[in-house]
Amino acid sequence: MADVIKTVEEMSMYCHKAKLQGHTVGFIPTMGALHEGHMSLIRQARVETSRVIVSIFVNPLQFTIGEDYNRYPRNLTGDIRLVAMAGGDVVFAPSVGELYPKGFITRIDQDGLPEQLCGEFRPGHFRGVMTIVAKLFHIVQPDITYFGQKDYQQAVIVHRMAADLNFPLKVKVMPIVREPDGLAMSSRNSFLGPKQRKDAACLYRSLRLAERLVRDGERSTAKIIGHMRKEIRRVKGARIDYINIVAPETLTDVKEVCGKVVAAIAVRIGKTRLIDNAIIS
Ligand code: AMP
């Protein structure tokens with residue numbers, strides 16, 4: 001069983017001691033309801049570092065009004081077991097009051113990146129993400145931290161924040177883990193009914209289509225996006241938030257595919273908002 005730590009003080013102390021003993025600290029921040037995607041990050045940390053910390057905290061700051069904070073899936077007991085199975089040493093599971101005590105008013109922000117892609121649909125979301133991630137970095141002081149490409153924009157923003165604010169750590173971004181039909185694993189997939197679950201595979205189909213078009217020589221992103229939209233519209237219950245093809249570091253739209261680009265997509269299936277992406281070159 002992995003150890004469970006609930007207070008900031010104990011968590012800082014644990015990591016401080018581990019460092020003094022010569023350990024390297026690997027850190028995976030999560031919101032829990034763990035699945036194979038999270039497990040892949042934990043396994044990678046197990047290989048590369050000697051103390052592996054997984055935080056489980058549904059961060060109220062990154063949910064905007066009307067989003068699913070209250071119904072976000074929570075399963076701490078199951079998560080603790082999965083962390084141990086993947087080779088994690090410690091679960092850091094603080095309460096909301098522990099991380100945001102009365103009087104907490106500070107936020108971390110960034111120009112540009114947080115306004116792209118999901119930013120338009122989730123105002124304030126990335127401020128919440130950066131604020132919690134910066135706090136967790138200070139508490140855990142990891143040598144390497146692991147993020148999933150599944151949340152591509154988040155990974156780019158965190159990478160930038162860590163560089164800009166001189167966090168002495170390495171941000172590693174790991175590949176997207178998928179279900180057999182291609183749906184990217186996500187804690188939110190549990191919200192999907194059987195029909196919606198089938199429909200949800202349309203995100204991956206549209207990304208594969210984009211890859212195929214580029215391979216066949218198509219360079220116009222407007223045309224590629226047009227085909228991707230058509231693919232999604234074949235599914236009745238699917239509503240597109242955005243489909244963009246962007247530059248990998250600035251996340252700004254590109255007109256022609258040239259070198260590496262990222263096709264990023266957000267679609268609502270019923271009330272569930274799903275995101276996915278593919279790096280195409
Ligand atoms: P979350 O619990 O959704 O905040 O995710 C915690 C971390 O796991 C983030 O860095 C995610 O990008 C990553 N993650 C979530 N789903 C996947 C997936 N299907 N494949 C790889 N990483 C993932």
Side-chain angles (χ1 to χ4, degrees), residues 26-48 52-64 67-69 71-76 78-80 82-83 86-88 91-94 96 99 117-118 122 125-137 140 142 144-162 169-192 197 200-201 203-204 207 251 262 264-267 272-279:
F27 176 50
I28 301 100
T30 82
M31 296 209 299
L34 301 184
H35 50 66
E36 259 314 303
H38 302 109
M39 305 268 280
S40 71
L41 306 182
I42 301 170
R43 287 194 202 100
Q44 186 67 21
R46 180 76 280 160
V47 172
E48 296 179 340
V52 176
I53 321 290
V54 179
S55 66
I56 294 179
F57 180 66
V58 184
N59 174 32
L61 238 54
Q62 71 187 70
F63 289 78
T64 50
E67 286 190 339
D68 52 0
Y69 174 70
R71 62 178 199 123
Y72 195 84
R74 291 164 171 86
N75 176 13
L76 185 58
D79 287 346
I80 294 168
L82 291 179
V83 168
V91 170
F92 179 42
V96 172
L99 287 187
L117 303 175
C118 286
R122 306 187 73 188
H125 168 68
F126 289 110
R127 267 184 4 144
V129 169
M130 283 186 280
T131 305
I132 189 63
V133 169
K135 277 173 71 78
L136 291 169
F137 284 175
V140 175
I144 311 180
T145 181
Y146 298 83
F147 284 78
Q149 187 202 313
K150 154 85 182 355
D151 300 272
Y152 186 86
Q153 184 174 13
Q154 169 175 278
V156 171
I157 288 173
V158 168
H159 193 269
R160 191 71 248 168
M161 178 193 77
L169 51 81
K170 190 166 175 190
V171 179
K172 280 210 168 177
V173 183
M174 303 304 296
I176 303 174
V177 178
R178 299 180 178 282
E179 300 286 358
D181 67 351
L183 175 64
M185 288 196 183
S186 163
S187 306
R188 288 190 169 95
N189 292 353
S190 64
F191 293 144
L192 300 168
R197 170 63 193 77
L203 281 85
Y204 183 61
L207 291 169
L251 307 182
V262 178
I265 174 167
V267 170
T272 308
R273 186 174 184 277
L274 301 174
I275 58 170
D276 202 346
N277 67 82
I279 299 171

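Starting from 1, each residue takes its place in the sequence as its number. Counting starts at 1 for both ligands and their atoms, in listed order.
- Shortest contact from atom 23 (C) of ligand 1 to any protein heavy atom: K150 CB, 4.0 Å.
- Under a 4.0 Å heavy-atom criterion, H38 is in contact with ligand 1.
- Put simply, the side chain of S187 gets close to the backbone of G32: a donor and an acceptor are under 3.5 Å apart.
- Nearest protein heavy-atom neighbour of atom 12 (O) of ligand 1: D151 OD2, 2.7 Å.
- Nearest residue to atom 21 (C) of ligand 1 from P175, A184, S186 is P175 (criterion: closest heavy atom).
- Ranking the protein heavy atoms by distance from atom 10 (O) of ligand 1 puts G148 N, 2.9 Å first.
- The closest heavy-atom contact to atom 20 (N) of ligand 1, among the options V177, D276, L41, V58, comes from V177.
- Closest approach of A266 to I275, counting heavy atoms only: CB-CG2, 3.7 Å.
- Interatomic distance, D151 CG to L117 CG, rounded to the nearest 0.5 Å: 12.0 Å.
- Taking a cut-off of under 4.0 Å to the non-hydrogen atoms of M31, the atoms of ligand 1 that pass are 1 (P), 2 (O), 4 (O).
- At under 3.5 Å, not a single nitrogen or oxygen of P29, backbone or side chain, sits near a nitrogen or oxygen of ligand 1.
- Within the listing of ligand 1, atoms 16 (N), 17 (C), 18 (C), 19 (N) sit less than 4.0 angstrom from a heavy atom of M185.
- Atom CZ of R127 and atom CD1 of I132 lie 14.5 Å apart (nearest 0.5 Å).
- At least one side-chain heavy atom of D276 sits under 4.5 Å from a side-chain heavy atom of R178.
- Residue contact annotation: A33 has no non-hydrogen atom under 4.0 Å from ligand 1.
- Between the Q153 side chain and the C118 main chain, a donor and an acceptor come within less than 3.5 Å of each other.
- Under a 4.0 angstrom heavy-atom cut-off, H35 registers as being in contact with ligand 1.
- No donor-acceptor pair closer than 3.5 Å links the side chain of S55 to the backbone N or O of F92.
- Residue G37 approaches ligand 1 through these ligand atoms, each under 4.0 Å from one of its heavy atoms: 17 (C), 18 (C), 20 (N), 21 (C), 22 (N).
- Within 6.0 Å of the NE2 atom in H35, the count of heavy atoms belonging to other residues, nucleotides or ligands exceeds 12.
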